[in-house]
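Please read these numbers as outputs of a predicted model, since none were measured by experiment.
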Amino acid sequence: MYLLTLCHLRLIMKTFLQIPSLALLSVLCSCSKLSPEAKEIIGVYYNPEVSQNEPIMTLNKDATCIIRAIKPGVLTYEVKGTWNVENDSLIMTIDPATLSFEGDSTLIGDIPSSIARKIAEHNEFSLQLEQNGVSYMFQRRQE
């Protein structure tokens, strides 16, 4: 009788320990889901007026992103975060603690924790974002 109870206890504990792991895995997987609109704009984006070599924005399929500010020869910095498309806007949540830079760090201003830009247009070659009546055009490169 004692042996049967011990076996049941082991089975119960094994099942109990697996449930939180599966729940955690489910939560982690659901966090990285992109909207159907977001899946259309995954890619690496450049602003050729600023740099041909360094991308301004990298939107990854796992919902992570890298945003760069580039002032050639003076300062380049990047921050990491997450992104998605909600309604008609690109929404990025940035983690200022991930800041890395090369150059004169005194030129780095406040880094917003959230960025939202309306998507005006996009295709396989470009992404046009708008904010306060100003358009920003980015070229998409396949890498």
Exercise. Under 3.5 Å, is there a donor-acceptor pair linking the side chains of Asp62 and Thr64?
Worked result: yes

Seminar exercise, completed: Between the CE atom in Met92 and the CD1 atom in Ile66, the distance rounded to the nearest 0.5 Å is 12.5 Å

For this session: Can you establish whether the number of heavy atoms outside Glu102 located under 6.0 Å from its atom CD is more than 12?
Result: no

Problem set entry | Side chains of Asn84 and Ile91 in contact at under 4.5 Å (non-hydrogen atoms) | no

For this session: Rounded to the nearest 0.5 Å, what's the gap from SG on Cys65 to CD on Glu78? Could you check?
Result: 11.0 Å

Exercise. At what distance, to the nearest 0.5 angstrom, does CD1 of Ile119 lie from CD of Glu86?
Worked result: 10.5 Å

For this session: Decide yes or no on salt bridge (charged side-chain N to carboxylate O under 4.0 Å, His left out) for Arg68 and Glu54, but give the supporting numbers first.
Result: CA-CA 8 Å; Arg68 289 179 184 84; Glu54 291 289 326; 3.7 Å; yes

Problem set entry | For Ser35 against Val85, the heavy-atom pair lying closest together | OG-O, 3.0 Å

For this session: Using atom types as modelled and distance alone, determine if a side-chain donor or acceptor of Asn123 lies under 3.5 Å from a backbone N or O of Ser126.
Result: yes

Exercise. What's the spacing between Gln131 CD and Leu90 CG if we round to 0.5 Å?
Worked result: 11.5 Å

Exercise. Linking I/L/V/M/F/W/Y whenever any side-chain heavy atoms sit under 4.5 Å apart, do Phe125 and Tyr46 land together?
Worked result: no

Exercise. Does Arg141 make a cation-pi contact with Tyr45, if we ask for NZ or CZ under 6.0 Å from the ring centre and within 45° of the axis?
Worked result: no

For this session: Identify the heavy atoms of Val50 and Pro72 that sit nearest to each other, and give their distance.
Result: O-CG, 3.3 Å

Exercise. Considering all heavy atoms of both residues, which atom of Ile42 and which atom of Arg140 are nearest to each other, and what is their separation?
Worked result: O-NH1, 3.2 Å

Exercise. Just wondering, do Ile94 and Val79 contact through their side chains at under 4.5 Å, heavy atoms?
Worked result: yes

Problem set entry | Test item: Phe138 and Leu129 side chains (from C-beta on) under 4.5 Å apart, heavy atoms | yes

Exercise. Side-chain contact, heavy-atom cut-off 4.5 Å: Ser135 with Glu130?
Worked result: yes

Problem set entry | Identified side chain to side chain contact (heavy atoms under 4.5 Å, CB included) counterpart of Ile70 within the set Asn53, Asn47, Ile56 | Ile56

Exercise. By side-chain contact (heavy atoms from CB on, under 4.5 Å), which residues pair with Val134, not counting sequence neighbours?
Worked result: Tyr136

Problem set entry | Heavy-atom pair of closest approach, residues Met57 and Leu127 | CE-CD2, 3.9 Å

Exercise. Can you name the nearest heavy-atom pair linking Pro55 to Val44, along with the distance?
Worked result: CB-CG1, 3.4 Å

Exercise. Do the side-chain N and O atoms of Gln128 and Arg117 include a donor-acceptor pair separated by under 3.5 angstrom?
Worked result: no

Seminar exercise, completed: One should read off an interatomic distance between Tyr77 OH and Ser100 OG, to the nearest 0.5 angstrom, of 11.0 Å

For this session: Determine yes or no for a side-chain-to-main-chain donor-acceptor pair under 3.5 angstrom, with Trp83 supplying the side chain and Asn60 the backbone.
Result: yes

For this session: Please round to the nearest 0.5 Å and tell me the distance separating atom CD1 of Ile67 and atom CD1 of Ile111.
Result: 11.5 Å

Problem set entry | Ile41 and Leu59, any side-chain heavy atoms less than 4.5 Å apart | yes

Exercise. Above 12 or not: heavy atoms from other molecules or residues under 6.0 Å from NZ of Lys118?
Worked result: yes

Exercise. When you check the side-chain N and O atoms of Asn87 and Ser89, is any donor under 3.5 Å from an acceptor?
Worked result: no

Seminar exercise, completed: Minimal heavy-atom distance between Pro112 and Ile115, with the atoms involved, is CG-CG1, 3.9 Å

